[in-house]
Amino acid sequence: MSLSAAENDSASKIHIPAEIDWHMLDKSKFFFLGAALFSGVSAALYPVIVLKTRQQVSPTQIPSLQLSFSIMCREGVRGFYRGFGTSLMGTIPARALYMAALEVTKSSVGTATVRLGFSDTQATAIANAAAGLSSAMAAQLVWTPIDVVSQRLMVQGCNSANSNKSSKNLIPTLDSCRYRNGIDAFRKILHADGPRGLYRGFGISILTYAPSNAVWWASYSVAHRLIWGGIAVNGGDCGYRPDSKATVAVQGLCAAMASGVSAMITMPLDTIKTRMQVLDGEQNGTRQPLTVIQTVKNLVKEGGFAACYRGLGPRWVSMSMSATTMITTYEFLKRLSTKSRQSFSS
């Protein structure tokens, strides 16, 4: 479905760039350029992810600046990029699955909803929500094992930091297993826990990211229409065509608005997921993976319900920055990868 009609309710006053559908894209260029562009975005945002992860597994609330200073002093810049190589290798196939599922679902569901008689606004929101749901579920098949390994590497070295009296309880005490790199971590986790160890928190990851993506994409599409509609009503001259700067600004604003709601709703689930993937429990002297109930009990015991929101600041910043850069990069990528008009019209 071409959503250009849905975006051009005020076409007499403002000409919004038309939606680029799946069939219009050069797939090889789309995936190749996408891997390069999103790798750069991941590198820029990775330190914030490390900060969020360490806050989430900490038994006490640690201010972001204090933790950042602690990491920089004890580990240097490398401390903010622990596990980045593993994360980057997983990002490429996960993003490919995500983008393919997103575009295919959006196109097919959008067409179906229009045929069922939904309005343009409803069809756009439903198509984007369904696309966000399916893309998150597809990506988690690849991303969960990568998440488990990279997060173990992110928090590694925290035990040595605890030896400094001034930083006692700054960072949690974890299991004593040491990983040389991502491959070593993969092997040790597989040997210790089997394939299930690599898919720790898979269920809670789906419960976290699938609704989050559905809400985000639906909110983004609605915000996109409302903002452009407001521009058209409040001063858009007849035949006004927004330039690239205006288009990017609106996309970024819509992404930030959608991210704020999504981060608040899913933060407790994300904290539970991270702890399940990184921390272990102990039963009769034997190391055991934590369950959801055990994780929630530990969090409540440590700091009440507020403990579920540790790392909210970095996560909110991370999600807003990631979403803003992702959507602007994504839309730019789609325009770079668009086939010539003759190719997709034939």
Side-chain angles (χ1 to χ4, degrees), residues 1-11 15-35 37-38 91-143 206 209-229 247-248 250-251 254-255 258 262 323 325-346:
M1 177 191 74
S2 175
L3 298 181
S4 57
E7 294 178 320
N8 285 320
D9 287 345
S10 305
H15 298 279
I16 303 172
E19 181 77 10
I20 299 172
D21 289 332
W22 180 247
H23 72 279
M24 301 177 184
L25 298 173
D26 180 331
K27 309 302 186 298
S28 59
K29 185 185 291 186
F30 181 67
F31 288 120
F32 178 77
L33 291 175
L37 289 171
F38 285 112
T91 294
I92 295 172
R95 281 291 185 188
L97 271 175
Y98 184 94
M99 292 188 295
L102 183 75
E103 290 300 323
V104 170
T105 305
K106 189 193 297 184
S107 182
S108 58
V109 173
T111 301
T113 50
V114 167
R115 287 175 179 171
L116 289 173
F118 287 93
S119 68
D120 288 336
T121 302
Q122 292 172 328
T124 305
I126 293 170
N128 278 274
L133 189 70
S134 66
S135 59
M137 294 178 69
Q140 283 307 310
L141 293 172
V142 174
W143 190 249
I206 294 294
Y209 293 122
S212 175
N213 269 266
V215 170
W216 192 94
W217 280 104
S219 300
Y220 174 80
S221 67
V222 171
H224 196 257
R225 289 176 55 82
L226 289 175
I227 291 174
W228 279 123
T247 301
V248 169
V250 170
Q251 289 171 347
C254 294
S262 184
T325 53
M326 183 275 290
I327 197 64
T328 53
T329 301
Y330 187 65
E331 295 292 348
F332 176 64
L333 169 65
K334 286 171 69 175
R335 298 192 186 282
L336 283 179
S337 306
T338 304
K339 298 175 184 176
S340 63
R341 187 169 298 275
Q342 292 85 355
S343 298
F344 61 75
S345 62
S346 58

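What you are looking at is a predicted structure, and each value in this text was computed from that prediction instead of being measured. Along the sequence shown, residues are numbered consecutively beginning with 1.
Taking all atoms of both residues into account, the shortest heavy-atom contact from Thr124 to Ser221 is CG2-CB, 3.7 Å. Shortest non-hydrogen contact noted between Ala210 and Ala136 is CA-CB, 3.7 Å. Nearest heavy-atom pair, Ser134 versus Ala131, reported as atom, atom and distance to 0.1 Å: OG-O, 3.2 Å. Shortest non-hydrogen contact noted between Ala125 and Ala218 is O-CB, 3.9 Å. The nearest pair of heavy atoms linking Ala123 to Val114 is CB-CG2, 3.9 Å. When every heavy atom of Pro211 is checked against every heavy atom of Leu133, the shortest pair comes out as N-CD1, 4.2 Å.
Taking CD1 of Ile126 as the start and OG of Ser119 as the end, the distance is 8.0 Å to the nearest 0.5 Å. Between atom OH of residue Tyr98 and atom CE of residue Met137 there is a gap of 13.5 Å, rounded to the nearest 0.5 Å. Separating the CG atom in Leu141 from the CD1 atom in Ile206 is a distance of 6.5 Å, to the nearest 0.5 Å. One distance of note links NE2 of His224 with OG of Ser219; it measures 14.0 Å at 0.5 Å rounding.
The aromatic rings of Trp216 and Tyr220 lie parallel to each other, with less than 30° between the two planes, well short of the 60° mark.
Judged by distance alone, the side chain of Ser107 and the main-chain N or O of Glu103 form no donor-acceptor pair under 3.5 Å. The backbone N or O of Leu102 sits nowhere less than 3.5 Å from a side-chain atom of Thr105 that would complete a donor-acceptor pair.
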